[in-house]
There are 2 protein chains.
Amino acid sequence: MRISELAEVTGVPVHTLKFYLREGVLPPGAATSRTRADYGEAHVERVRLVRALVEHGGVSIGDIRSIVEALDSPPPSRHELLGVAHRALPGVTAGAEVSAEVADLLESLGWTTCTDGPLAAGLTAAVAAARAAGVELAPAELRRYAEAMRAAAEVDVEVALRATSAADALRTVVLGTVMVDPVLLALRRIAQEGVSAERG
Amino acid sequence: MRISELAEVTGVPVHTLKFYLREGVLPPGAATSRTRADYGEAHVERVRLVRALVEHGGVSIGDIRSIVEALDSPPPSRHELLGVAHRALPGVTAGAEVSAEVADLLESLGWTTCTDGPLAAGLTAAVAAARAAGVELAPAELRRYAEAMRAAAEVDVEVALRATSAADALRTVVLGTVMVDPVLLALRRIAQEGVSAERG
DNA sequence: ACCTATCGGACAGTAGCACTATCCAACGAG
DNA sequence: CTCGTTGGATAGTGCTACTGTCCGATAGGT
């Protein structure tokens, strides 16, 4: 299909599609002449993905470029898959410090694989930011939060293991992480009201 | 203290403090003359709060205004407290539809208080966005996510109940929701690697 | 063959946000 | 008395995600 048809199918203006082509988040179509290109079903899916990430995931175009590059590149081994996926995702600032409290927490939970990585640094930063804003966050509470998220992560991993190919697993992990985050946060707020009602 | 001292103490430039005054997220100081005002410890705390919300919570100035207005207004009854807090928080778009699936889920979990509210609508939107992006999200998985977040919410509610005054509880809920969200998401990523390592 | 509506591509412009810079008259400490 | 600082107003900056305009080439109908 031509770019105007792609625009019609996806509901995204032609100009915006051109912008996505320029930014490298949408691969070029198969050129049929110097001024024509042919787009397929894969392009429709990609556009839907980009729109979902921008509108509901709040992901920037630059970060989306990392994500689609990861999705397009030859999938790594199962072992490295999560690392690649997490590196493509936004919010990971390498090189930061890991607090002793976070290191202890991870060790006590048996998660020793990433005690020094950027994820632990990100957690340290998030905890520090919460405390700076005046939130009291005792280690015991942090641990209970961690165990709650372990339950969520178990679902994540089961879904990812269900994937038939490594490429599919990568896609599942990246998308599942970005797009399910808002679902979890919405559930948290609802659960607060639910739990509060149960106890009041 | 004067505005320049407030800037020095908080590390925020004077110009930015003026901007916060204009935007109504920082209350004016006590005027000592037509060109002087006096700021106190409450202002220092407020500036730290605003910075934390902007930098680490990703909250816009407009939403911060809602939050601080909620914090400043006379606290409601315990019963309405969560509703007020959630209404002040960003990401709540009223008037949207609630899917049957979400309504069923909430009912099966016993959370009947907000089956029709904006929170359920937000959850519906988040689930729809995830599916639109290509994430398969079976009702059974959604339910497991919900139960994981119930565990997190139980911590939230316990912390809030520990507050001595209603104003303190409101502050705890609002801040705890906004600032702990990134902590939970960081924990989720780490837990994914941990769980994956356990099973691999 | 001709004509007109796209097409792809390049470049600049827009809107919104979170600041940031410049001015100005009015203080107020030395 | 003077000179730096203050509060206040107005305008500008840099960033991001588009959006508008223009251009030459071409596809498709006649």
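Naming: A, B, ... by sequence-line order, numbering from 1 per chain.
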query: Which two nucleotides bound the region of DNA chain C that has atoms under 4.0 Å from heavy atoms of chain A, read 5' to 3'?
result: C:dT6 to C:dC11
Residues which pass salt bridge (Lys or Arg N to Asp or Glu O under 4.0 Å) with [X], listed by chain and number, not counting sequence neighbours:
X	result
A:E55	A:R51
A:R22	none
B:R131	B:E101
B:E5	B:R2

statement: So the contacted stretch of DNA chain D, first to last nucleotide with an atom under 4.0 Å from a non-hydrogen atom of chain A, runs from D:dA17 to D:dA27
Which residues share a side chain to side chain contact (heavy atoms under 4.5 Å, CB included) with [X], sequence neighbours left out:
X	value
A:I3	A:V14, A:L17, A:K18, A:L21, A:Y39
A:T112	A:E107, A:T115
B:A52	A:A133, B:M179
B:E23	B:F19, B:I61, B:R65

message: With nearest nucleotide decided by heavy atoms, which residue, B:A37 or A:K18, maps closer to the 5′ end of DNA chain D?
response: B:A37
field: Within residues 161-172 of chain B or reaching into it, pairs that qualify as side chain to side chain donor-acceptor pair (under 3.5 Å) - sequence neighbours excluded
entry: A:E141-B:R162
- request: Could you list by number each residue of residues 21-33 of chain B showing a heavy-atom separation from DNA chain C of less than 4.0 Å, or answer none if no residue does?
  value: B:R22, B:S33
task: Would you indicate what A:V54 reaches in the nucleic acid, counting non-hydrogen atoms under 4.0 angstrom: base, sugar-phosphate, or nothing?
output: sugar-phosphate
task: Verify, without hydrogens or angle tests, whether A:H43 (side chain) and A:P27 (backbone) share a donor-acceptor contact under 3.5 angstrom.
output: yes
